[in-house]
Amino acid sequence: KTPDALAAYPEREKYNGQVLVAVDALKMQMETYAILEPAAFTDQHSCVLVENGKFYGMGLIPGKENTLRLENLKSHLTVYPANEIIHSMIKTYAQKNPSKVLMMTENA
């Protein structure tokens, strides 16, 4: 390559920094988390699950259930189709109520 062609590329450090910012933004969109609320008049919790950034489903979780394990949690939920309105509502609620959001990992 000629020196003129190399001049069109950004500096390595700057480019790598931009890539890391983009990767972090994508990771945030791909998070897995549950929103848990105590259910009225019972020892259960209502739960909405977002897996890898997509609405998975919702349902009631027994009060003594180990909610830290993703597979245990999923076994109590009903899978529902998602759309942009549901995704937006869940994201807004999670941002306004961070204390009700339980971040999860596949291996937890």
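Predicted, not measured: the structure shown is a model, and the values here were computed from it. Just so you know, these numbers use all the heavy atoms, side chains as well, and skip hydrogens, waters and symmetry mates.
- Interatomic distance, I61 CD1 to C47 SG, rounded to the nearest 0.5 Å: 4.5 Å.
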Kindly indicate, with the supporting measurements, whether the criterion side-chain contact (heavy atoms from CB on, under 4.5 Å) is fulfilled by E51 and M104. CA-CA 9 Å; E51 184 176 31; M104 309 197 71; over 6 Å; no
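- Side-chain heavy atoms closer than 4.5 Å link hydrophobic residues (I, L, V, M, F, W, Y) into clusters, and following such links, even through other members, never connects L60 to L102.
- When the shell of 6.0 Å around CD of Q95 is examined, it contains more than 12 heavy atoms from other residues, nucleotides or ligands.
- Applying the side chain to side chain donor-acceptor pair (under 3.5 Å) test to Q18 and every residue at least two apart in sequence or in another chain returns nothing.
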Applying side-chain contact (heavy atoms from CB on, under 4.5 Å), run through Y33 and M103 and close with a yes or a no. CA-CA 4 Å; Y33 60 92; M103 300 306 293; 3.7 Å; yes
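- Under a 3.5 Å cut-off, the side chain of N83 and the backbone N or O of I85 do form a donor-acceptor pair.
- Residues I90 and L77 do not share a hydrophobic cluster, defined by chaining ILVMFWY side chains whose heavy atoms lie under 4.5 Å apart.
- H87 and G53 get closest at one heavy-atom pair: CE1-O, 3.2 Å.
- Take T92 and apply the side chain to side chain contact (heavy atoms under 4.5 Å, CB included) test, not counting sequence neighbours, and it matches S88, K96.
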Start with the C-alpha distance between T32 and V50, add both sets of side-chain angles, then the distance that settles side-chain contact (heavy atoms from CB on, under 4.5 Å), and finish with yes or no. CA-CA 5 Å; T32 297; V50 174; over 6 Å; no
Review item, side-chain donor-acceptor pairs of residues 36-45, under 3.5 Å, at least two apart:
residue: E37; atom: OE1; partner: K100; partner atom: NZ; Å: 3.3
residue: E37; atom: OE2; partner: Y93; partner atom: OH; Å: 2.0
residue: E37; atom: OE2; partner: K100; partner atom: NZ; Å: 3.0
residue: T42; atom: OG1; partner: Q44; partner atom: N; Å: 3.4

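- Residues V48 and F55 have side chains in contact (heavy-atom distance under 4.5 Å, counting atoms from C-beta outward).
- Taken to the nearest 0.5 Å, the NZ atom of K54 stands 15.0 Å off from the CD atom of E31.
- Distance CG/L49 to CG/L73: 5.5 Å, rounded to 0.5 Å.
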